[in-house]
There are 2 protein chains.
Amino acid sequence: MTTRMTRQRAAVAEALDQQDEFRSAQQLHEVLRARGDSVGLATVYRTLQTFADAQEVDQLRNADGEVLYRRCERVEHHHHLVCRSCRRTVEIDGPTVEAWAAKVGAAHDFTDIDHTIELWGTCADCRG
Amino acid sequence: MTTRMTRQRAAVAEALDQQDEFRSAQQLHEVLRARGDSVGLATVYRTLQTFADAQEVDQLRNADGEVLYRRCERVEHHHHLVCRSCRRTVEIDGPTVEAWAAKVGAAHDFTDIDHTIELWGTCADCRG
DNA sequence: CGATTCATGAGAACGATTCTCACGCTTGGT
DNA sequence: ACCAAGCGTGAGAATCGTTCTCATGAATCG
Ligand SMILES: [Mn+2]
Ligand SMILES: [Mn+2]
Ligand SMILES: [Zn+2]
Ligand SMILES: [Zn+2]
């Protein structure tokens, strides 16, 4: 239950903070390696999962099914608009869809409604 | 580019039609095997992908990252409310979120907006 | 300064999906 | 119907992201 502070966790947290875009565990592992902060791949996976469980990082899947992680600005629940090519991310606050999702779930007598809402597009920079 | 009619394709299509819930390629493969319509697993995967490309089946990923397929009633774009435990599915028409997604994308100067919107919950039957 | 116990990491294992490629069947023309 | 052309098939190998194993290392706390 405890969460010991280790060099590895600090390194992963720092690498995450340096990223603006969503990154995969393997990408972050590479970032760490390049920085000289050697951390085992298994540890990167474990640490990211720990952070995600603690709601300290957001995670989503790209079209290929890879899990991507990002430390967002806002800590409250939100969604993302992600560039398909560079992964530039905009944090989206969607009260409209929150209400919609809850209403639809209730209307069909489903409980514990959870929603997956992510927007993908091509950002201005990647459009040339 | 052609699409030859084979016993395997007919079998996969038929197995899909018998399902009310979202199913994985492996589950459908098992359904086929149980029916006596033996179809290779690779063929099941290929056929489902072909159907998906042709917009004849919808696909989504569950929390574990597995891809699930379903032949829906409505052929037009829509979303789903899926039971986490039995996968019972309700097809959702969401003009509200369609507009929201488009607006958000445009507001941030992203083009070719695509959205992933799926609702998960526990259906009445699975709640006991 | 120990003792305790969680954390780490190299490599094996996993599991869904894709790839390979020789063989067979659908198809379109004759 | 007959045939040639080439798409479709399937068993097994290969991929690849992710998780597991387990011996070793390090953080924590009295
Ligand atoms: Mn939301
Ligand atoms: Mn939609
Ligand atoms: Zn971009
Ligand atoms: Zn259910």
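All values reported here derive from a predicted model rather than from experimental measurement. Naming convention: chains lettered A, B, ... in sequence-line order (proteins, then strands); numbering from 1 in each chain. Values below: every heavy atom of this structure, side chains too, minus hydrogens, waters and symmetry copies.
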- Residues that B/Thr43 engages under side chain to side chain donor-acceptor pair (under 3.5 Å), provided they are two or more places apart: B/Arg46

- Any pair with a residue in residues 81-90 of chain B that passes side chain to side chain donor-acceptor pair (under 3.5 Å), sequence neighbours left out, goes on the list, sorted by first then second residue, please. B/Gln27-B/Arg87

- Message: Please enumerate all residues that pass ring pair (Phe, Tyr, Trp, His ring centres under 6.0 Å) together with B/His29, with sequence neighbours excluded.
- Response: none

- Note on the structure: With five pairs defining each end axis, the helix from C/dC1-D/dG30 to C/dT30-D/dA1 comes out bent, to 10°, by 40°

- Note on the structure: Contacts of A/Thr96 meeting side chain to side chain donor-acceptor pair (under 3.5 Å) (sequence neighbours excluded), chain-then-number -> none

- Enumerate the residues from residues 13-29 of chain B whose closest heavy atom to DNA chain D is under 4.0 Å, giving them by residue number; use none for an empty result. none

- Query: With sequence neighbours left out, which residue pairs that include part of residues 58-77 of chain A fulfil the ring pair (Phe, Tyr, Trp, His ring centres under 6.0 Å) condition?
  - Reply: A/His77-A/His79, A/His77-A/His115

- Query: Using a heavy-atom distance cut-off of less than 4.0 Å, which residues of residues 42-58 of chain B contact DNA chain D?
  - Reply: B/Ala42, B/Thr43, B/Arg46

- Nucleic acid footprint by protein, nucleotides 23-30 of chain C - heavy-atom cut-off 4.0 Å, B for base, S for sugar-phosphate alone: --BBS---

- Strand-adjacent residues in residues 30-40 of chain A, judged by heavy atoms under 4.0 Å from DNA chain C: A/Ser38, A/Val39, A/Gly40

- Query: Which residues satisfy the salt bridge (charged side-chain N to carboxylate O under 4.0 Å, His left out) test with A/Arg9, sequence neighbours excluded?
  - Reply: none

- Which residues pass the salt bridge (charged side-chain N to carboxylate O under 4.0 Å, His left out) test with B/Asp112, sequence neighbours left out? none

